[in-house]
Structures are given as C-alpha cells and as structure tokens.
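Counting starts at 1 for both ligands and their atoms, following the listed order.
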Amino acid sequence: MKIAVVPGDGIGKEVVPAALLVLDALGLDIEKVPLEIGYSKWKQTGNAITDDDIKTIKECDCVLFGAITTPPDPNYKSVLVRLRKELDLYANIRPFKPLINVKLPCSGKFDFVIVRENTEGMYSGVEELHEDAAYTTRIVTRKGSERIAERACALAKKRKEHLTIVHKANVLKSDSFFRDVCTGVAKKNNISYNEKLVDAMAYDMILNPGKYDVIVTTNLFGDILSDEAAAIAGGLGLCPSANIGDRYALFEPIHGSAPDIAGTGNANPIAAILSVSMMLDWAGNTEMARSIDKAVDSVLASHITTPDLGGSYSTHYVGEAIAHLV
Ligand code: NAI
Ligand code: MG
C-alpha cells in the first residue's frame, strides 16, 4: 500500500509523527509519501496545495492527514474541501464511543457513528462574495444523497440495522429531498429508520447518546454534530475519522491544527492514531487495526495521557507507549 502523509500545520505536525510511530511499529509493507500542504506552504508560495500535490496524492492509495490552519484570506478555498471533491471522498465516517478512563460530560453508554455527506450541501463551493451580500448555494443531488444513504445502510447492516436520518426538512426543500432519498434507500435495504430534525438532534444527542447507532446527515450538519459528539466522547483529541470514496480514502483526526497548544507537545495523538486504525480497517487489515485499538485501551488504562485527559505526558511519549504495545 502507498500512502500520502500530510501532517499539515500546528499540532498536525505533532500528532501525525506520533501516529507514524504506531504504524511503523506494525512492520507492514507500506510506502509513505510525505507531502507539505497547508498554511506554511500558503505563506511561502501563496498556494496551500498545488495540482502536482493532487497528482501525487492520486498516485497513492490513501492519505493520512493531520490538520490545516485556515489562512486569513477571504478568497482562500479549503484544502480539505478541495481534496474531498477531487478524490470524490463522499462519505465522512465518524465513530464515537467512550474510551477507558476518559471522563465524560454526560452519563450513559453510547456507541454511534455519524455518516456525513462530504462533497456537497453547504460545502458545495458555489459561492459569491459581493460588497453588500454573500451567497452560498446549498446543493443536494439524488446521486450524492443515494450514495451516502447506501454507505450508511451498509454500515447499519453490520451494526443494529437501524438508521437515524438527520435533516431540517421542515424548513429546507433541499433537506426534504435528502430525507426522501434516504428513506427510499433505507426501505430498499430493509433497514429500519427514524428521522430527527437537526436542532432536536443536537439537544437529544447530549441527553440520550445511547439511543443512536448509525446517523446519516448532510455536510454542514454532520460537521457540527460531530464536534458536539466529540465533546460527548470526552474531547476532540480522541476522535478519528475516515473520508471514503469508491477509489481513494483519507484518514484524519476530526480536530483542527489547535494553534493554542501547537508546539507545546501537549496535543493528544489518540485521534490521529485511531485514524490509522480506521485506515487499516479500510485496507482490510482488521487484525492490525484491532491491535492498535487494544494498545490505545491499554495505555489509557495505565493513565499514560496528555494534559487534555488530566495526564502530564507528551504527544511523542503517548505515541511511543502505544507503538510499544501493538
Ligand atoms: P481545533 O480543533 O484546532 O481546536 C479546538 C480546541 O480543541 C482547542 O482548544 C484545541 O487546543 C483543542 N484540541 C484540538 N485537538 C486537540 C488534541 N489533539 N489534543 C488536545 N486538545 C486538542 O479547532 P479550532 O481552534 O476551531 O481551529 C484551529 C484551526 O484549525 C483553524 O485554522 C481551523 O480552520 C482549522 N481546522 C482544520 C481542520 C482540518 O484541517 N481538518 C478541522 C477543524 C479546524
Ligand atoms: Mg469540523
């Protein structure tokens, strides 16, 4: 397997090397292609990502990604949004469950996955910035909705065979369209479903996270709900994600570049390390993926944690401790 490695900016440059310690410790036959993409590159060249970078990435099977700082430029177009579109990574899969010894803000057991449409919706990229107004076109297509609903149903089949469709169909026509396509796909797949308006979902997810299993939603709602879910699961530093298409995939922690803690060595590398586990699952190497998950559990059980979890260990130390156990 050939992977493009994009640490990006801020803590991306710290958590990705820690995740590579774990990947390297597995001794797999993997070729890594390092790529400098992001704010640092934008400052030097005026371009955060080039066509050549995209070409190099397309020569790899998948990408391990850290995080990118958004440059202070109103005309800047998000690198991740571009990558998700260029590689057609239409499914953003974000699992949430409690990890050992992690203090949670809400009580109760939960284990759910947010399946977020990743290439259209509010992040269509169709925007106009004028003197006195700005417009973003929210695009929801049948093809885009069908394929994300199919992905969610395929996942539901491996879990509790139930789907929660989250939308704002009471106000947005584009969302009643999305809802109708999703219910059709769920019926076709014999998957039971319920619907939830996104605002009510934001409320209920905090009170009753254990009620949910597979949640499917549009791009912006999935983005927001998954940061909320990260808070429910004990912090952004713990939550991995996979961006999956039919040909390529990109794996990344759901957090950003965290400029407030960048350079301190305090960033939690677990989200990035669990993103490597998701990458190995995607590649069919479930045995190695479970070995990473177990090593993460053991290190958390031993209270070897970064300051966000109350510990005093560094990003590198936690990465090494996990690498040692895989
Ligand atoms: P953020 O996720 O970088 O940070 C939010 C808060 O969580 C901060 O207090 C940070 O210290 C903490 N945090 C995040 N990851 C952590 C970790 N691994 N360990 C311990 N604490 C952690 O979000 P923020 O501050 O809104 O964005 C910072 C920059 O990152 C912005 O330029 C934003 O545009 C960019 N960003 C990039 C993303 C990406 O590349 N995928 C995603 C989200 C934001
Ligand atoms: Mg986000």
Side-chain angles (χ1 to χ4, degrees), residues 5-19 35-43 48-49 63-74 76-85 87 89 92-94 96 99 102-103 105 114 116-118 121-123 202 217-243 250-276 278 296 300 304-319 322:
V5 178
V6 180
D9 305 301
I11 63 166
K13 286 187 165 41
E14 299 160 45
V15 296
V16 168
L35 274 175
E36 159 101 40
I37 288 172
Y39 185 40
S40 326
K41 183 168 185 145
W42 179 84
K43 278 196 283 191
I49 186 168
V63 186
L64 179 63
F65 190 90
I68 284 183
T69 302
T70 306
D73 171 0
Y76 170 76
K77 288 209 158 144
S78 162
V79 163
L80 252 186
V81 171
R82 179 168 176 201
L83 276 175
R84 285 168 179 161
K85 276 188 205 296
L87 305 179
L89 306 173
N92 195 323
I93 315 278
R94 300 181 161 192
F96 299 94
L99 293 174
V102 172
K103 240 201 249 153
I114 296 181
R116 158 186 169 194
E117 200 293 321
N118 215 21
M122 278 303 268
Y123 300 174
T217 191
T218 48
N219 208 339
L220 175 64
F221 296 160
D223 192 1
I224 297 168
L225 287 177
S226 55
D227 269 28
E228 184 185 331
I232 294 169
L236 280 167
L238 296 168
C239 304
S241 76
N243 298 257
L250 180 150
F251 302 87
E252 50 161 350
I254 76 169
H255 62 72
S257 60
D260 55 337
I261 57 164
T264 63
N266 284 339
N268 191 336
I270 288 179
I273 290 168
L274 291 177
S275 300
V276 171
M278 290 188 86
V296 167
L300 286 170
I304 299 174
T305 61
T306 43
D308 55 314
L309 298 182
S312 56
Y313 293 93
S314 70
T315 312
H316 182 81
Y317 190 94
V318 172
I322 295 169

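- Exactly one residue among L236, N268, N266 makes a side chain to side chain contact (heavy atoms under 4.5 Å, CB included) with D308. That residue is N268.
- Considering backbone and side-chain atoms together, E252 places an N or O closer than 3.5 Å to an N or O of ligand 1.
- Nearest heavy-atom pair, P17 versus G12, reported as atom, atom and distance to 0.1 Å: CD-O, 3.9 Å.
- No side-chain heavy atom of E117 sits under 4.5 Å from any side-chain heavy atom of T217.
- Within the 4.0 angstrom cut-off, atom 32 (O) of ligand 1 has one or more protein heavy-atom neighbours.
- Within the set G237, P253, A67, the minimum heavy-atom distance to atom 17 (C) of ligand 1 is found for G237.
- Here L80 has side-chain heavy atoms under 4.0 Å from ligand 1, and that is the only part of it that gets that close.
- The two residues S226 and D223 have their closest heavy-atom pair at OG-O, 3.1 Å.
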CA sep, side-chain torsions, deciding dist, call: E36, K43, salt bridge (Lys or Arg N to Asp or Glu O under 4.0 Å): CA-CA 12 Å; E36 159 101 40; K43 278 196 283 191; over 6 Å; no
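- Checked against a 3.5 angstrom limit, the closest N/O atoms of T69 and ligand 1 fall outside it.
- Residue-level proximity to ligand 1 for N268 is carried by backbone and side chain together, each with a heavy atom below 4.0 angstrom.
- Between L236 and ligand 1, no pair of N/O atoms sits closer than 3.5 Å.
- Considering only heavy atoms from C-beta on, Y317 stays 4.5 Å or farther from T306 through its side chain.
- Within ligand 1, counting atoms from 1 as listed, the ones closer than 4.0 Å to a heavy atom of T70 are 32 (O), 33 (C), 34 (O).
- Without hydrogens or angle criteria, R116 side chain to N219 main chain gives a donor-acceptor distance under 3.5 Å.
- The backbone N or O of Y39 sits less than 3.5 Å from a side-chain atom of D9, completing a donor-acceptor pair.
- Of all protein heavy atoms, the one closest to atom 29 (C) of ligand 1 is S257 OG, 3.3 Å.
- With distances taken over non-hydrogen atoms, the option nearest atom 44 (C) of ligand 1 out of G256, A18, P269 is G256.
- Smallest separation of non-hydrogen atoms from G256 and A67: C-CB, 3.3 Å.
- Contact annotation: for P259 versus ligand 1, heavy atoms closer than 4.0 Å belong to the side chain alone.
- Note that atom 25 (O) of ligand 1 has no protein non-hydrogen atoms nearby, at separations under 4.0 angstrom.
- Inclusion of A258 in the set of residues having an N or O under 3.5 Å from an N or O of ligand 1 is warranted.
- The presence of a protein heavy atom under 4.0 Å from atom 1 (P) of ligand 1 is confirmed.
- Distance alone, capped at 3.5 Å, is enough to place a donor-acceptor pair between the T315 side chain and the A267 backbone.
- Between the side chain of N243 and the backbone N or O of L250 there is at least one donor-acceptor pair closer than 3.5 Å.
- Here 1 is the count of protein N, O or S atoms positioned under 2.8 Å from the Mg ion (ligand 2), waters not counted.
- Between R84 and E252 there is a salt bridge, since a side-chain N of the basic residue sits under 4.0 Å from a carboxylate O of the acidic one.
- One distance of note links CD1 of I114 with SG of C239; it measures 9.5 Å at 0.5 Å rounding.
- H255 CB, 3.6 Å is the protein heavy atom nearest to atom 14 (C) of ligand 1.
- Taking every non-hydrogen atom of I261 and a distance limit under 4.0 Å, the qualifying atoms of ligand 1 come out as 11 (O), 20 (C), 21 (N), 22 (C).
- Counting the atoms of ligand 1 from 1 in the order shown, those under 4.0 Å from a heavy atom of I11 are 15 (N), 16 (C), 17 (C), 18 (N).
- Between L238 and L309, some side-chain heavy-atom pair lies under the 4.5 Å cut-off.
- The distance from atom NZ of K41 to atom CD1 of I68, rounded to the nearest 0.5 Å, is 10.0 Å.
- Side-chain N or O atoms of K13 include one that pairs as donor or acceptor with a backbone N or O of G8 at under 3.5 Å.
- At the top of the distance list for atom 37 (C) of ligand 1, counting protein heavy atoms only, stands I68 O, 3.1 Å.
- P240 has its side chain out of reach of I254: every pair of non-hydrogen atoms, C-beta onward, lies at least 4.5 Å apart.
- Put simply, atom 12 (C) of ligand 1 has no protein non-hydrogen atoms near it, under 4.0 Å away.
- Between I254 and ligand 1, not a single N/O pair is under 3.5 Å apart.
- Of all atoms in ligand 1, numbered sequentially from 1 with element shown, those under 4.0 Å from a heavy atom of A267 are 19 (N).
- Scanning all protein heavy atoms for the shortest distance to atom 9 (O) of ligand 1 gives D260 OD2, 2.7 Å.
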